[in-house]
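As the structure lists them, so they are numbered: ligands from 1, and atoms in each ligand from 1.
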Amino acid sequence: MNPKYPSLLLENAVNEFAKLPGIGRKTALRLILHLLRQDNSTVDGFAQALTELKHTVKYCKSCHNICDNDICPICLDKSRDSSTICVVENIKEVMAVENTMQFKGLYHVLGGIISPIDGIGPADLEINSLIERVADGSIKEIILALSTTMEGDTTNFYIYKKLAPYDVKVSMIARGISIGDEIEYADEITLGRSILNRTLFNESYRM
Ligand code: ZN
């Protein structure tokens, strides 16, 4: 049962915050009480940033990354390798891969992965636009960097099949033991994959 709130305005605000992923009603209340203690200008700025973001944000017409113009800064960057595309689920994965500073190609944001349970099929994702980019002919390699889940595997396989008619190399990010993991605690599938996908000693220390 929901607790009784002393104000309907407060209750409405809690209801809105509690719609966010990972935010329960207690956390929602704590965040709102924190906001209430701030200056009007701080709260106005907070609300304005959200409204502006939602109303004016754009998605890159090429890679579907979030941006302020029609084409994102990554796609516009002429110093990057435009013949390699890293396929990711969402914008936050673009940021994660960028943070590694190990990739200098372009991206393609699918907007999710195929998940029949959640009612997400290939048509709901930016897969056709990926095929179109490859069909244009200048792409040499597609790197699949999706979740290592069944849904991720299904999506990898779907894309791989779709790309089969084209002269493009399709690779997948390595799966294996995480840095800092102890071998004895690794699950069998991961350990097995790590052995199959082993790398030459000198190559694994290129970083
Ligand atoms: Zn882009």
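At a threshold of 4.0 Å, the pair D153-R175 counts as salt-bridged, since one of the basic side-chain nitrogens sits closer than that to a carboxylate oxygen.
In the displayed structure, N99 atom CG is contacted under 6.0 Å by more than 12 heavy atoms of other residues, nucleotides or ligands.
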I183/L191 under side-chain contact (heavy atoms from CB on, under 4.5 Å): CA gap, chis, key distance, verdict: CA-CA 8 Å; I183 300 290; L191 186 54; 3.8 Å; yes
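L106 places a side-chain heavy atom less than 4.5 Å from the side chain of R133.
The number of protein N/O/S atoms found under 2.8 Å from the Zn ion (ligand 1) is 4.
F46 pairs in a side-chain contact (heavy atoms from CB on, under 4.5 Å) with only one of the listed residues (D44, T42, L50), which is L50.
Note: H108 and H64 have perpendicular aromatic rings, judged against thresholds of 30 and 60 degrees for the angle between ring planes.
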